[in-house]
Amino acid sequence: MTTAQKDYKELHEISRRARTLTGITHLLDWDQETYMPPGGAANRAAQLELLAGITHEEKTGKKFSTALAKLIDIKEGQILAKGLSSEQQAALREWRTDYLKHKALPKKFVEEYAKVTSQAILVWRDAKQSNAFPRFAPFLDKLISMARKRADYLGYEDHPYDALLNEFEPGTTTKEITKLFGGLRTTAVDLLKKTSKAKQVDDSFVHGKFSQDKQLAFCKKIMENMSYTSTHGRVDLSSHPFSAAFHPTDSRITTRFHPTSLMSCVSVIMHEVGHALYEMGLPPEQYGSPLGDHLSLGMHESQSRFWETRIGQSKPFWKHYLPLLQEEFGGKLKGVTLDQFYRGINKVEPTMIRVEADEVTYPLHVILRFELEKALIEGSLNIRDVPEAWNAKMKELLGITPKNDTEGCLQDIHWAMGAFGYFPTYTLGNLYAAHIFEAFAQQHPNWEKRVASGELKFIREWLKEAVHQHGRRYSSADLLKKITGKKFTSKAYTDYLTSKYSEIYKG
């Protein structure tokens, strides 16, 4: 083994320790949202604060920086070591980027951020249940202030939101998102107007009272067919569904049950399993290095939306699963044809809740959050005015107004998590998924026939080969071009929406 390879191995081992600590933090976060008793909140905040400090030290300490400096010029970014593979060189560039970012954040700030967000999540949950925004407002005010400080520490050229957005989608700017969302907004609003004027779609057969045990049992059949099993995963309940990965061998999800919608749990499960499969598809031997980490939150979301919408809301998928659903639940589902069911589950109708939104209105929910977050960070929107501003945007974009803050500005956990800059990645995920799907369909021209026969494993294997295995070797733009041979644009997504929903709502 050469000196360069020995030094690289040493760096990887140091980094693996930091990644293990991050996994422990995620495990505590998962427990807080699933099984932790309310009385444990104060101690959990202290645990997370302590772990945040230790992890930060591991990522920025002398031991790590010395090991990194042997291989790459930390100031200039020039690779110093000879004989490293292109993958290892890519990992070094990402390690350097991470180091500079973590080094820019003082340890005390990182610890305080972890403590405040842990406390804020519990207050948010209570405020949401009680429809009491004023209860959460002081924490939101504190978190916005800390987010601005975070942006200052990280640095930016144009807008403070750039620094926050860059943490979730590296290389993307507020200006780029504004332009991208502007075109998408026009497409979505036009489609919403057209579908609202067309003959309305009947979806009454998927609404009613359905056994939660039966819903979960049905969803577990789908999960297993997607290659997500209890050997390396599990599903639990939480107020806000999420995926939590601690290692490629341990990736967990949560779901929730809608009181009247049968499709809600199915969509949530396929979405979260999509996230989990991405984490499980990362190379275990690269755990702790950038090559063993997900590329970005936008790419992560592309994997969940690929499964949830492009597969789970497709006609071939339900050609296989509708008879099983009818057999399990009967009732109003009996006698419903595949065409009726397909139209029903793809009904376009504005809703207050983002996670329950259809494909046409979903990007409008994200655009609303992006515009409000940007205003909060730049200081043009006051905390006390958030509910009113939220309701005004809902009326402007979707034509509906929340009855209360629980179904309005308190519905998402993200602000309590301090995750400002996260929301745009949801729509980027849809755009990326459409771009990737074109390559998938071209390479698997018989995908509809295979899915209609109940076959799903080949999709997981294709995504693992095309996306998962690369970790952070490429940028999002470069990986999308590598997969499709084309530069990324929003065209694949807008073409998909227009074609699909024009067909569903024709006549």
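If you're wondering where the values come from, they're calculated on a predicted model, not measured in any experiment.
The salt bridge (charged side-chain N to carboxylate O under 4.0 Å, His left out) search around D339 returns K315, not counting sequence neighbours. Residues satisfying the side-chain hydrogen bond (donor to acceptor under 3.5 Å, both in side chains) criterion with K486, sequence neighbours excluded, are E438. In terms of the salt bridge (charged side-chain N to carboxylate O under 4.0 Å, His left out) criterion, residue partners of R369 (sequence neighbours excluded) are, by chain and number, D412. In this view, Y287 satisfies the side-chain hydrogen bond (donor to acceptor under 3.5 Å, both in side chains) rule with no residue, not counting sequence neighbours. With sequence neighbours excluded, no residue forms a side-chain hydrogen bond (donor to acceptor under 3.5 Å, both in side chains) with D190. Contacts of S230 classified as side-chain hydrogen bond (donor to acceptor under 3.5 Å, both in side chains), with partners at least two apart in sequence or in another chain: none. Under the salt bridge (charged side-chain N to carboxylate O under 4.0 Å, His left out) criterion, R343 pairs with no residue at all, not counting sequence neighbours.
Salt bridge R234/D236: present, at least one basic N to carboxylate O contact under 4.0 Å. Salt-bridge formation is not detected for the pair E407/K128: no Lys NZ or Arg NE/NH1/NH2 atom is positioned less than 4.0 Å from an Asp or Glu carboxylate oxygen. Taking the charged nitrogens against the carboxylate oxygens, E378 and K374 do have a contact shorter than 4.0 Å, which makes a salt bridge. Under 4.0 Å is where a charged nitrogen must lie from a carboxylate oxygen, and between R185 and E396 at least one such pair does. R44 and D31 are joined by a salt bridge, as a carboxylate oxygen and a charged side-chain nitrogen come within less than 4.0 angstrom of each other. One finds no salt bridge joining E176 and K179 here, because no Lys/Arg side-chain nitrogen approaches an Asp/Glu carboxylate oxygen to under 4.0 Å.
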Under 3.5 Å, side-chain donor or acceptor atoms of residues 293-300 against the rest of the protein: list the pairs with distances, not counting sequence neighbours.
residue: H294; atom: ND1; partner: E279; partner atom: OE2; Å: 3.3
residue: S296; atom: OG; partner: E169; partner atom: OE1; Å: 2.9
residue: S296; atom: OG; partner: E169; partner atom: OE2; Å: 3.0
residue: S296; atom: OG; partner: G298; partner atom: N; Å: 3.4
residue: S296; atom: OG; partner: M299; partner atom: N; Å: 3.1
residue: S296; atom: OG; partner: S476; partner atom: OG; Å: 3.4
residue: H300; atom: ND1; partner: H275; partner atom: ND1; Å: 3.0
residue: H300; atom: NE2; partner: E279; partner atom: OE2; Å: 2.7

Donor-acceptor pairs are to be reported for all side-chain atoms of residues 416-428 against protein atoms at under 3.5 Å, with residues two or more places apart or in another chain.
residue: T425; atom: OG1; partner: Y422; partner atom: O; Å: 2.6
residue: Y426; atom: OH; partner: H414; partner atom: NE2; Å: 2.6

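Counting heavy atoms of neighbouring residues, nucleotides and ligands inside a 6.0 Å radius, atom CD of E388 does not exceed 12 of them.
The side-chain tip of R450 points at the ring of F458 from less than 6.0 angstrom away and within 45° of straight on. Remark: R19 fails to qualify as a cation-pi partner of F246 under the 6.0 Å distance and 45° angle criteria applied to the six-membered ring.
Residue pairs meeting the side chain to side chain donor-acceptor pair (under 3.5 Å) criterion with at least one member in residues 318-327, sequence neighbours excluded, are N225-Y321. Sorted by first then second residue, the ring pair (Phe, Tyr, Trp, His ring centres under 6.0 Å) pairs that include residues 173-196, not counting sequence neighbours, are F181-F370. Pairs passing the ring pair (Phe, Tyr, Trp, His ring centres under 6.0 Å) check and including a residue from residues 466-494, sequence neighbours excluded, read Y278-H468, Y432-F488, H435-F488, H470-Y474.
With values rounded to the nearest 0.5 angstrom, W124 atom CH2 is found 8.5 Å from Q129 atom CD.
Minimum interatomic distance between E349 and T361 (heavy atoms only, all atoms of both residues): O-OG1, 4.5 Å.
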Original post:
Run the side chain to side chain donor-acceptor pair (under 3.5 Å) check on S238 and H240 step by step: do they pass?
Top reply: CA-CA 5 Å; S238 66; H240 194 102; over 6 Å; no
